[in-house]
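Note that ligands are numbered from 1 as they come in the structure, with each ligand's atoms numbered from 1 the same way.
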Amino acid sequence: MLESQLQALAASAQQRIDAAASPDALEAVRVEVLGRKGALAEVSKGMGKLTPTDRVRIGKLLNSTKTTLESALDARLKSFADAALAARLDAEWLDVTLPAPGTRPGALHPLTRIQQELEDLFTSMGVAVLDGPEVESEYNNFDALNIPPDHPARDMQDTFWLSSGQCLRTHTSPVQVRGMAKLGPPLLMIAPGRVFRNEEVDASHEHTFYQLEGMMVDRNVSIAHMLYFMRTLLKHIFNREVTVRLRPGYFPFVEPGFELDIQCLICNGSGCPVCKQSGWVELLPCGLVHPNVLRMGGIDPDRWGGFAFGLGLTRLVMMRYGIDDIRWLQSGDLRFLRQF
Ligand code: PHE
């Protein structure tokens, strides 16, 4: 009687062990079957009523059932642990033979790159590279360039004024003034740098952009000299002849003054946002240095003459790389920067 009860108990316990879905479920089986108040303990209570021979036989059976179930529980528990470990190893698997993702070498910003290229070109031609401050005096930015306070040309550039009375330079032309004071005639200089205007920002206008000023003061300087320098510069940057046109242009510090336009290299002249649909991009305002500017720079205009140009470095970069929106340049956007 007890014998068949034990066998049925062992069989059902074994079934539950096999079917247990988790270590917790196994533990529940262990408590219910092998625990102090478990099913086996319950069976052993009936042992007292047995004859001594039966008691020995059933006692042995009880023990062996207990051992069998205990080892079945242990084995099943171990299989859970093994499966968990296997899953973890699988998830954390690392292919040490895989090449490392590689660090990208940094690159120069396109503006820096073109500025350096132009500095190299002009240095090789014996031209001095000068620098000036971004916070400039009103005098250097305007007055010394033949733009007196009441001159309507002050309205041509929307200026950021500082409470000190100084301004953020609106162009690199104040470095002309500094160059004349520093080097005296004859002089041949460029001055690349950052300039600021209170502009409405759009695809072709930024409040902060870059120019490259050029100035030559010597005896008998003519427009031919000026054109030579500007053509050399453009050819160097674009590596090919670029279609240009010269228009009269007004700047108080040059006389005569010109605008040199290049045919838009983004749309090849057919019209796009960068060239405002005109097919041409204003790139190189220039002219012969106004006698007043020479005079204020301490140079006798009867003995010396000169030319000056103010290249739009930012636009040049856009043309060379086919960038159709000026805002990319200062965006800091890695998708943009990684292309250079
Ligand atoms: N400084 C002028 C500007 O930014 C450009 C310029 C420079 C024109 C030199 C003529 C000569 O608008």
Could you list which atoms of ligand 1 come closer than 4.0 Å to a heavy atom of [X]?
{"X": "Q211", "result": "3 (C), 4 (O)"}
{"X": "E213", "result": "7 (C), 9 (C)"}
{"X": "R197", "result": "3 (C), 4 (O), 12 (O)"}
{"X": "S173", "result": "1 (N), 7 (C)"}

Report task. For the residue pair R245 and L260, establish whether any side-chain heavy-atom pair is separated by less than 4.5 Å. Result ->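 Not in contact.
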
**Report entry** Candidate pair Q176 and E213, rule side-chain hydrogen bond (donor to acceptor under 3.5 Å, both in side chains), full reasoning
**Finding:** CA-CA 8 Å; Q176 287 185 28; E213 196 80 7; 2.6 Å; yes

Requested in this report: Report yes or no: does F258 have a heavy atom closer than 4.0 Å to ligand 1?
Outcome: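 No.
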
Requested in this report: For C286 and ligand 1, answer yes if some heavy atom of the residue is under 4.0 Å from a ligand atom, otherwise no.
Outcome: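 For ligand 1, residue contact (heavy atoms, under 4.0 Å) with C286 is present.
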
**Report entry** side-chain contact (heavy atoms from CB on, under 4.5 Å) involving R303 - partner list, sequence neighbours excluded
**Finding:**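 side-chain contact (heavy atoms from CB on, under 4.5 Å) check on R303 returns R219, D300.
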
Report task. Show your working on side-chain hydrogen bond (donor to acceptor under 3.5 Å, both in side chains) between T97 and D95 and close with a plain yes or no. Result -> CA-CA 5 Å; T97 65; D95 184 354; 2.5 Å; yes

Query raised in the report: Shortest non-hydrogen contact from G305 to L294?
Result: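 Residues G305 and L294, closest heavy atoms: CA-CD1, 4.2 Å.
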
Report task. Could you pull out all residues at least two apart from F336 that satisfy ring-ring contact (aromatic ring centres under 6.0 Å, His included)? Result ->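 Only W328, F340 meet the ring-ring contact (aromatic ring centres under 6.0 Å, His included) criterion with F336.
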
**Report entry** ligand 1-proximal atoms of F253, by part, heavy-atom distance under 4.0 Å
**Finding:**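 The answer is the side chain of F253.
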
